[in-house]
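Letters A, B, ... mirror the listed sequences (proteins, then strands); counts begin at 1. Predicted model only: the values in this text are computed from it and were never measured.
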There are 2 protein chains.
Amino acid sequence: MAGALNNKVQVQSLVDVVAERLEAAIISGQLEPGSRLSEQALAASLGVSRGPLREAIRRLEGRKLLERTPNIGVRVASLSLKDLNEILQVREALECLACSLAATNMSDTEIAALKKMLDDHENQKSVQENKGYYQETKNLDFHFRIVNGSGNDRLAHMLAGDLHYMLRVYRYRSGAQPGRAAEVLQEHRAIVAALEARDPKAAEDAMRDHLCRARRNVEQKLMMSESENL
Amino acid sequence: MAGALNNKVQVQSLVDVVAERLEAAIISGQLEPGSRLSEQALAASLGVSRGPLREAIRRLEGRKLLERTPNIGVRVASLSLKDLNEILQVREALECLACSLAATNMSDTEIAALKKMLDDHENQKSVQENKGYYQETKNLDFHFRIVNGSGNDRLAHMLAGDLHYMLRVYRYRSGAQPGRAAEVLQEHRAIVAALEARDPKAAEDAMRDHLCRARRNVEQKLMMSESENL
DNA sequence: GCATGGTCAACTGTTGACAGTTTTCTATCT
DNA sequence: AGATAGAAAACTGTCAACAGTTGACCATGC
């Protein structure tokens, strides 16, 4: 209640609202990769006219979440396996950069909070039973804390924004890794130790190691599920 | 003439044309960073209605070349020095990744063409007189050839697309470096040697060395021109 | 002279209509 | 039965009008 008169009213146009809605629908899978959007149906179901809807769609085109063919329509971006691998390569390079920068720029308080987080993770029942390693929502998860600690806002935006969303479109989640929980925790601890030592190179190497293992783990699962489809 | 009936007609909507025009105007500096766009004036001068213009603007918002304040209007994105440094950090990490991948993925033909390019560069009068190192247009320049040789299309798109444009908005050009031409050429040669040796680590290190030197050189110039403004 | 309130012009945001394009369906021919 | 042509339906692209918001300017009060 104290903040009611102290916070500027944030104006949101219909375009802003619609873009958020679309993004949420894409990320939740309600709008599936490759699926076609009908302006008329969407405008009707959202209760807006086609103008602001088109503008919202254009913004998401600019962010490559949607792809348009002139006179035909708009589809949700879909990722081939090649795309996925390419994005993962890019993301790995950027997360390693973030980790290296965090070794220099992250505050002692932030690093202590990271260690506490890992203690909490160790107490998770699912980690102890090696069932899975679940983290809080995006803004509080281990990786994003490090990215934010890099001090490079652009980088944080890229990793937490469009790259993150592209991977979510593909249902790619590296967080929960059944059967690998204890390893992940140890890898996280190695990363934090390097951050604490303020050693950018060690931090980068520890992160790269962790990400490669995570990617390999997921690749195995993808190959298994793709061979099940044949 | 042989291709006239063999190439599909590429449809371009007004939105596509207008977005290209806007982008070109931003990059050429006709629309300066921070400057305000008037829909009415732009629509009149481009001879289109405000609808497609707004859509084009939305796309460029999605690509972060333009920034909108609701009910106020749209400005060309402007970069602080902090922004510039951040983007350069990101770009460096990605160019090093590209170079590392190129060491594996670039064809022998492409590498030979790169060497030939450096021979041509060596014959440039301006390089010999240490006045500057000028390259062909973007698609043919040394860096972008390597990025394309990485085999990672997403990465190439990021480096040749939005990141490139963001830096161009700031008039950031790393290509021409008066007083450093011979050094740059040697650095380029070291990069190609590492590519030829198919050594990803050496290629990455050579590129990182080159980019750090280039950045430092430009930083010096920026500091000099900023102190001249005081 | 400064602060406040009101008005108006200029702008941005949205809507619905119309034009153009593509897809679907039907009829006809071979 | 398959191919072709034409019409209609459904869609996308654009336009112009209207509604809402903001900033500039002017008048009034202290």
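- Within 4.0 Å of B:Val48, counting heavy atoms only, lie sugar-phosphate atoms of the nucleic acid but no base atom.
- Proximity of B:Arg54 to the phosphate of C:dG13: a side-chain N or O atom is located under 4.0 Å from OP1 or OP2.
- At whole-Å resolution of the value, CG in A:Leu42 and P in D:dC11 are 12 Å apart.
- For the pair A:Val11 and B:Glu55, both in contact range of DNA chain D, the more 5′-proximal nearest nucleotide belongs to B:Glu55.
- If you check distances only, the side chain of B:Arg68 never reaches the base of C:dG13 with a donor-acceptor pair under 3.5 Å.
- Ion pairing between a basic and an acidic side chain is recognised when a charged N comes within 4.0 Å of a carboxylate O; B:Glu86 and B:Lys82 show such pairing.
- Here the two rings, on B:His157 and B:His164, have centers that are 6.0 Å apart or farther.
- Distance from the side chain of B:Leu14 is smallest to D:dT14 among D:dT12, C:dT15, D:dT14.
- A:Gly51 comes within 4.0 angstrom of a base, heavy atoms only.
- Taking the charged nitrogens against the carboxylate oxygens, A:Glu55 and A:Arg58 have no contact shorter than 4.0 Å, which rules out a salt bridge.
- For A:Phe142 and A:His121, the gap between ring centers reaches or exceeds 6.0 Å.
- For B:Arg54 and B:Glu39, the salt-bridge test passes: some basic side-chain N is under 4.0 Å from an acidic carboxylate O.
- Between the CG atom of A:Asn71 and the P atom of C:dT21 there is a distance of 7 Å, given to the nearest Å.
- Separating the CG atom of B:Leu37 from the C1' atom of C:dC11 is a distance of 14 Å, rounded to the nearest angstrom.
- Take the nearest nucleotide of DNA chain D for B:Arg50 and for A:Ile72: the residue whose nucleotide is more 5' is A:Ile72.
- For A:Glu39, taking side-chain heavy atoms from C-beta onward, the closest of the listed nucleotides D:dT22, C:dT14, D:dG13 is D:dG13.
- At whole-Å resolution of the value, CD in B:Gln40 and P in C:dT12 are 6 Å apart.
- Comparing atom distances between the A:Val15 side chain and each of C:dT22, C:dT14, D:dT12 picks out C:dT14 as nearest.
- The nearest whole Å value for the distance from the CD atom in B:Gln12 to the C1' atom in D:dG13 is 14 Å.
- Here B:Arg36 does not reach the OP1 or OP2 of C:dA10: none of its side-chain N or O atoms lies under 4.0 Å away.
- When heavy atoms are screened at a 4.0 angstrom cut-off, B:Pro52 is found touching the sugar-phosphate backbone but no base atom.
- The CG-P distance, from A:Asp16 to C:dG13, rounds to 9 Å in whole Å.
- Atom CZ in A:Arg58 sits about 12 Å away from atom P in D:dT12, given to the nearest Å.
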